[in-house]
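The structure presented is a predicted model; accordingly, all values stated were derived computationally and were not measured.
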Amino acid sequence: MNIRQERAGRLLPLILGVVTLADVTLLLIEDAAPRRFLTLSHAFLAASSLALIACAYLIYQAVHRPAAMELAKAALLAAAFLFWAANQFWPNLPQASLFNDVAIGLFVLDVFLVIAGRPPQSKASAFAESRGGPACRCDGGCGCVHCN
C-alpha cells in the first residue's frame with residue numbers, strides 16, 4: 001500500500017466518524033424538537049448512525065492491519081451494529097425482533113470475548129496501562145516481571 005492509499009485509508013474512517021457525529025447530533029435535535037423533522041427521519045438517522053460507525057470501525061481496523069482474531073472481533077462488532085441499524089430502520093418488519101436479538105447476541109459475545117481474552121494482571125500493571133505507558137520504565141534491562 002502506498003502512502004497516498006494509506007492516508008486515504010486513515011482519513012476515510014475519520015470522515016465517516018464526523019458524518020456519524022453529525023447524524024447523532026441531528027437525531028438528538030429531533031428528539032428535542034420532533035415537529036421540525038420529517039416523520040421518517042428519526043428511523044433513518046438512527047439506522048444510518050449505527051451503520052456508518054460500523055463501516056468506519058471496520059475500515060479503521062482494516063487499515064491498521066490487526067491480527068486475524070482482532071479483525072474478526074471488529075467484524076463481529078460491526079455486524080452487531082448493522083443488525084441494530086436494521087432493527088431501527090425497519091421496526092415493523094416481522095424480522096425486526098430477530099435483528100434486535102442477533103444484535104444483542106453479538107454485543108454480548110463481543111464483550112465476553114474481551115473479558116475472556118484479557119490475561120489476568122496485577123493492580124499495579126493495570127494502573128500503569130491505564131496511563132498509556134508501560135508498567136516498567138527500565139527499558140527492558142532490569143529483569144523485572146514486566147520486562148520478562
Side-chain angles (χ1 to χ4, degrees), residues 1-136 145-148:
M1 180 182 291
N2 68 35
I3 292 173
R4 179 176 280 168
Q5 289 171 324
E6 188 173 330
R7 283 184 184 158
R10 291 180 189 273
L11 187 59
L12 183 57
L14 185 60
I15 291 168
L16 288 173
V18 169
V19 171
T20 304
L21 289 172
D23 263 13
V24 170
T25 301
L26 287 173
L27 186 66
L28 294 172
I29 291 170
E30 182 180 5
D31 286 336
R35 292 191 177 120
R36 293 181 179 238
F37 288 81
L38 299 174
T39 307
L40 297 177
S41 66
H42 192 272
F44 175 78
L45 289 169
S48 65
S49 296
L50 294 165
L52 282 168
I53 205 63
C55 294
Y57 186 60
L58 270 181
I59 295 167
Y60 172 82
Q61 286 292 350
V63 166
H64 286 88
R65 299 184 192 128
M69 185 60 177
E70 291 302 311
L71 190 57
K73 285 174 23 181
L76 181 126
L77 184 60
F81 273 97
L82 291 172
F83 274 103
W84 189 11
N87 174 260
Q88 293 292 305
F89 195 68
W90 297 297
N92 297 324
L93 280 182
Q95 298 88 348
S97 182
L98 175 63
F99 295 157
N100 189 62
D101 294 346
V102 170
I104 290 169
L106 292 173
F107 282 124
V108 168
L109 179 59
D110 180 61
V111 172
F112 173 78
L113 291 174
V114 169
I115 293 168
R118 175 153 270 153
Q121 301 174 348
S122 72
K123 289 182 182 179
S125 67
F127 177 72
E129 285 181 6
S130 69
R131 288 182 292 165
C136 181
V145 175
H146 306 290
C147 297
N148 288 331

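Contact detail for Pro91 and Ala96: the closest heavy-atom pair is O-CB, 3.4 Å. Of all heavy-atom pairs spanning Ala103 and Trp84, the tightest one is CB-N, 3.7 Å.
Residue pairs meeting the side-chain hydrogen bond (donor to acceptor under 3.5 Å, both in side chains) criterion with at least one member in residues 85-95: none, sequence neighbours excluded. Screening residues 75-89 for salt bridge (Lys or Arg N to Asp or Glu O under 4.0 Å), with sequence neighbours left out, gives no hits. Counting only residues at least two apart or in different chains, salt bridge (Lys or Arg N to Asp or Glu O under 4.0 Å) contacts with residues 94-108 are absent.
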All N/O donor-acceptor pairs, side-chain side in residues 66-82, below 3.5 Å, sequence neighbours left out:
residue : atom : partner : partner atom : Å
Glu70   : OE2  : Lys73   : NZ           : 3.4

Tabulate below the donor-acceptor pairs under 3.5 Å that side-chain atoms of residues 46-61 make, not counting sequence neighbours, or state none.
residue : atom : partner : partner atom : Å
Ser48   : OG   : Asp23   : OD2          : 2.5
Ser48   : OG   : Phe44   : O            : 2.9
Ser48   : OG   : Leu45   : O            : 3.3
Ser49   : OG   : Leu45   : O            : 2.7
Tyr57   : OH   : Gln61   : NE2          : 2.9

For residues 9-16, tabulate all N or O donor-acceptor pairs below 3.5 Å that involve a side-chain atom, not counting sequence neighbours.
residue : atom : partner : partner atom : Å
Arg10   : NE   : Glu6    : OE2          : 3.3
Arg10   : NH1  : His64   : NE2          : 2.9
Arg10   : NH2  : Glu6    : OE2          : 3.1

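When the side chain to side chain donor-acceptor pair (under 3.5 Å) test is applied to Asp31, the partners found at least two apart in sequence or on another chain are His42.
Under a cut-off of 6.0 angstrom, the local environment of CZ in Phe83 is sparse, with at most 12 non-hydrogen atoms contributed by other residues, nucleotides or ligands.
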